[in-house]
Amino acid sequence: MPWSILEYLRKNPEILRESLKKRFMDVSLVDKAVSLDVEWRRLLTEVNNLRHKHNLISQQIPKLSDEERRIKIEEAKELLKTIESLEKRLDEVEKARDEILLSLPNLVHPSVPVGPDESYNIPVRVWGKAKVYHEFLNDFLKYTEGQGVKMDYEVINWRPVGHADMLENVLKLGNTLKAAEVASSRFYYLFDDIVWLDIALLLYAIDYLTSKGFKLVLPPYMLRHQFMAGVIDLNTFKDAIYKIEGEDLYLIATAEHSLAALHAGEDIPEEDLPLLYVGVSPCFRREAGAGSRDIKGIFRVHQFHKVEQFAYTLPEQSWEVFEMLISNAEELFRGLGLPYRVVNVASAELGSPAAKKYDLEVWYPAQGRFRELVSCSNCTDWQSYRLRIRYLRRKGNVRDYLHTLNSTAIASTRTITAILENYQTPDGVVEVPKTLRKYLEVFSRAPKDYIHPVRKG
RNA sequence: GCCGGGGUCGCCUAGCCUGGUAGGGCGCCGGCCUGCUAAGCCGGUGGGGACACCCCCGCGCGGGUUCAAAUCCCGCCCCCGGCGCCA
């Protein structure tokens, strides 16, 4: 039972209340869970005692004479009626308790800034030299020095074209209007050089992480409800997840989901930990709560490709691995030459599974703001409890829930938008980041140095 | 999709027909013994509640029959083999 949340519920519910407060959630959930748990334990003891009585009678029956047997069977039947009604009550209480328990978010780590929205995110690091259009200079300084970090920049006097216009109207290598007609909005057709770019970005991330010892995985793109529910919370389910009609299958919104399910129900020997995986998959997202935000272009779409880092660790390793995952992501973006800041995400923006989250946000010169390209979370034992994944320590026969972590390595379409804004020149040409060239060289028709706008014929 | 075989406490396996407290082997943990190791012996090795004794639940999952289900019945999942279909 050493799931941290259940343990605190019984031993120190105040910790849970504090954590819910930090997330700006209803604290009364804890009190409900505590009283239901007390009631559950009381009923369980009562039922167990009666079941014991019934077992004793059952065991006597085969040894008795016919006459005595009839009497005992009647007695057992009477007892069963009482047990059944109590069991029904026990079952109800247990279901009610578990429903609350499974709806509780992870405990917020002490180092997480407390705040109701993303404006409370705290920048922890910056890298690179941002191209800042003079009209955006105030905003840029607000997001950097205004929040306590100093970032290198150069002021430019031409306004870059937004990524959506670059794709659709300047390079003419994407068609979201036709995709909207045949699929719906937030879908896209991409062509030629942008497709090569998508592939090269994936290869780049896969190459980097496998060379660091991560095990490469091509996972299932769909999961059963039971396993999906083990990885995400109800809100994510509602807003992000597509269901296959008529089947108990759900499209993954990230390889994280399949990678977390990879060891569901298993006990992993401690000497095998940490387990480091790099998954590559398409990601499907309903974006149900997004309204008309980022409706243009391919920044926020229903499907994209992503290379994902996933780790299973011992509880005492997870914070160290957490820093390792974000630094891997940072290294990838330094390789791409995209200027970024890393923020420690505010408590209310964490999402239920995470105890702490870093976002890596790249500077977008045409939009004049930082935008999230990487999300790195330590889910501690929140997912492993639901999926029943434990580590096994032979010394002392310890079996306990391990920690799971996940982080984007590279999400293809969003990274392409960042390249389109950061690598464009005033004449509409987009330079290909040098790191990607080795992954493009092998293809005869892939772009090598520049992506040029189509000339009007 | 159809037909047949199967799923037992980490692994292997007995029990199922003929209902009556789930047994054995291996591995692992702890102890005893021993100059050390090995062997040998003893105990433990699924979940939960009280945590001192103890008790309940657990044989792929979910129902049913019964005083009593690993065992009988129904539905589902997965694995193996055959047939069909297929990139």
Side-chain angles (χ1 to χ4, degrees), chain A residues 1-13 33-102 218-230 243-244 246-250 258 261-273 275 312 314 381 384-402:
Chain A
M1 103 81 196
W3 179 39
S4 55
I5 289 184
L6 189 55
E7 200 162 2
Y8 282 123
L9 192 73
R10 288 177 183 169
K11 292 185 180 161
N12 195 351
V34 167
S35 69
L36 282 167
D37 186 53
V38 168
E39 172 73 353
W40 176 80
R41 283 185 286 171
R42 189 187 68 73
L43 281 167
L44 182 63
T45 306
E46 198 177 340
V47 167
N48 279 348
N49 288 338
L50 290 173
R51 287 204 272 230
H52 177 54
K53 232 168 132 184
H54 180 261
N55 284 345
L56 290 179
I57 294 172
S58 278
Q59 283 160 28
Q60 287 167 17
I61 285 171
K63 300 170 197 150
L64 299 175
S65 67
D66 284 359
E67 181 57 29
E68 290 172 317
R69 179 177 300 199
R70 265 198 297 277
I71 294 166
K72 282 289 175 193
I73 286 178
E74 276 312 307
E75 201 181 315
K77 278 183 176 172
E78 280 305 308
L79 199 50
L80 269 181
K81 280 182 199 158
T82 318
I83 293 175
E84 258 169 51
S85 70
L86 268 175
E87 275 179 337
K88 205 181 148 206
R89 176 105 186 85
L90 177 69
D91 196 53
E92 285 164 9
V93 173
E94 181 169 351
K95 280 209 172 93
R97 182 199 63 173
D98 287 349
E99 200 185 328
I100 294 180
L101 231 45
L102 289 176
L218 192 73
Y221 301 161
M222 305 176 202
L223 295 174
R224 293 183 204 280
H225 181 274
Q226 179 200 339
F227 295 93
M228 205 53 119
K243 184 183 192 322
I244 303 294
E247 308 213 32
D248 178 31
L249 284 174
Y250 299 79
S258 310
L262 175 59
H263 292 296
E266 296 179 12
D267 293 343
I268 299 172
E270 64 170 339
E271 58 269 24
D272 291 354
L273 297 171
L275 284 171
Y312 295 82
L314 291 170
D381 61 357
S384 64
Y385 171 74
R386 298 168 158 238
L387 292 167
R388 300 284 121 105
I389 312 170
R390 299 178 301 184
Y391 68 89
L392 180 63
R393 180 166 290 156
R394 295 199 192 289
K395 200 87 181 161
N397 258 334
V398 175
R399 252 179 259 259
D400 207 350
Y401 296 106
L402 48 70

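The chains referred to below are lettered A, B, ... by the order of the sequence lines, with proteins before strands, and numbering in each begins at 1. Just so it is clear, the values below take in all heavy atoms, side chains as well, and ignore hydrogens, waters and symmetry mates.
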Open item on the list: How close do A:L86 and A:L43 get, counting heavy atoms only, and between which atoms?
Closed with: CD2-CD2, 3.7 Å
- [ ] Calculate the interatomic distance between A:R10 atom CZ and B:C51 atom C1'; express it in whole Å.
- [x] 13 Å
- [ ] Identify the two heavy atoms, one from A:L273 and one from A:Y391, that lie closest to each other, and give their separation to 0.1 Å.
- [x] CD1-CB, 3.5 Å
Task: Separation of the C1' atoms in B:G40 and B:C51, to the nearest angstrom - done: 34 Å
Task: P gap between B:G25 and B:A14, integer Å - done: 15 Å
Open item on the list: What is the separation between atom CZ on A:R399 and atom P on B:G10, rounded to the nearest whole Å?
Closed with: 7 Å
- [ ] Answer yes when A:E39 and A:R42 have at least one side-chain N-carboxylate O distance shorter than 4.0 Å, and no when they do not.
- [x] yes
Open item on the list: Using modelled atom types and a 3.5 Å cut-off, is there a donor and acceptor pairing between side-chain atoms of A:D381 and backbone atoms of A:S4?
Closed with: yes
Open item on the list: Go through it in stages, so that I can follow the logic: the residues are A:R51 and A:N48, the test is side-chain contact (heavy atoms from CB on, under 4.5 Å), and I'd like the CA-CA distance, side-chain angles, deciding distance and then a yes or no.
Closed with: CA-CA 5 Å; A:R51 287 204 272 230; A:N48 279 348; 3.4 Å; yes
Task: Those residues of residues 37-46 of chain A lying under 4.0 Å from RNA chain B by at least one heavy atom - done: A:W40, A:R41, A:L44, A:T45
Task: Span that lies between the P atom of B:U18 and that of B:C73, in whole angstrom - done: 10 Å
Open item on the list: Looking at A:Q60, I'd like to know if its CD atom is crowded, meaning that more than 12 non-hydrogen atoms belonging to other residues, nucleotides or ligands lie closer than 6.0 Å.
Closed with: yes
Task: salt bridge (Lys or Arg N to Asp or Glu O under 4.0 Å) partner of A:K72, chosen from A:E68, A:E74, A:E75 - done: A:E75
Open item on the list: Say we look at B:C59 and B:C11: how far apart would their P atoms be, to the nearest angstrom?
Closed with: 15 Å
Open item on the list: So if I define the base as every atom that isn't primed, P, OP1 or OP2, how would nucleotides 66-79 of chain B read as a B/S/- string at a heavy-atom cutoff under 4.0 Å?
Closed with: -BS--------SS-
Task: Over 12 foreign heavy atoms within 6.0 Å of NZ, A:K243 - done: yes
- [ ] Specify the separation, in whole Å, of atom CG of A:D400 and atom C1' of B:G47.
- [x] 14 Å
Task: Whether A:Y385 and A:W3 hold their rings parallel, tilted or perpendicular, with breakpoints at 30° and 60° - done: parallel
Task: Nearest non-hydrogen partners of A:L9 and A:A33, listed with the distance - done: CD1-CB, 3.7 Å
Open item on the list: So, OP1 or OP2 of B:G47: does either fall under 4.0 Å of a side-chain N or O from A:R390?
Closed with: yes
- [ ] In whole angstrom, give me the gap between the P atoms of B:C29 and B:U34.
- [x] 23 Å
Task: Whole-Å C1' distance, B:C86 and B:C77 - done: 24 Å
Open item on the list: For the backbone of A:H225 and the side chain of A:D248, can you confirm whether one donor and one acceptor N or O come within less than 3.5 Å of each other?
Closed with: yes
Task: Per-nucleotide pairing state of RNA chain B [Watson-Crick or G-U, under 3.5 Å; [ ] pseudoknot-crossing; | other strand] - done: ((((((((.[[[[.)....(..]]]]((((((.......))))))((((....))))..[[[[[..)....]]]]])))))))....
Task: A:L249 to A:R224 - nearest heavy-atom pair and separation - done: CD2-N, 4.1 Å
List, with names and distances, any nitrogen or oxygen atoms from the protein found under 3.5 Å away from nitrogen or oxygen atoms belonging to nucleotides 57-64 of chain B.
from  : atom 1 : to    : atom 2 : distance (Å)
B:C57 : OP2    : A:N55 : ND2    : 3.1

Open item on the list: Would you measure the distance from the P atom in B:U65 across to the matching atom in B:C74 and give it in whole Å?
Closed with: 15 Å
Open item on the list: Strictly below 4.0 Å, N to O, side chains only: are A:K81 and A:E84 in salt-bridge contact?
Closed with: no
Task: For A:H54, ring-ring contact (aromatic ring centres under 6.0 Å, His included) partners two or more places apart - done: none
Look for any protein N or O under 3.5 Å of an N or O in nucleotides 27-31 of chain B and output each such pair with its distance, or none.
from  : atom 1 : to     : atom 2 : distance (Å)
B:G30 : OP1    : A:K395 : NZ     : 3.1

Open item on the list: Would you say that A:L314 contacts A:R393 through its side chain, given a criterion of any heavy-atom pair below 4.5 Å between the two side chains?
Closed with: yes
Task: Spacing of A:L9 atom CG relative to B:G49 atom P, expressed in whole Å - done: 12 Å
Task: Least distance between heavy atoms, A:A261 atom then A:Y312 atom - done: N-OH, 4.3 Å
TODO: Specify the separation, in whole Å, of atom NE2 of A:H52 and atom P of B:C53.
DONE: 16 Å
Task: For A:L223 against A:S258, the heavy-atom pair lying closest together - done: CD1-N, 3.9 Å
Task: P spacing across the pair B:U8 / B:G60, given as an integer number of angstrom - done: 6 Å
Open item on the list: If I take atom CD in residue A:E266 and atom P in nucleotide B:C11, what distance separates them, rounded to the nearest angstrom?
Closed with: 11 Å
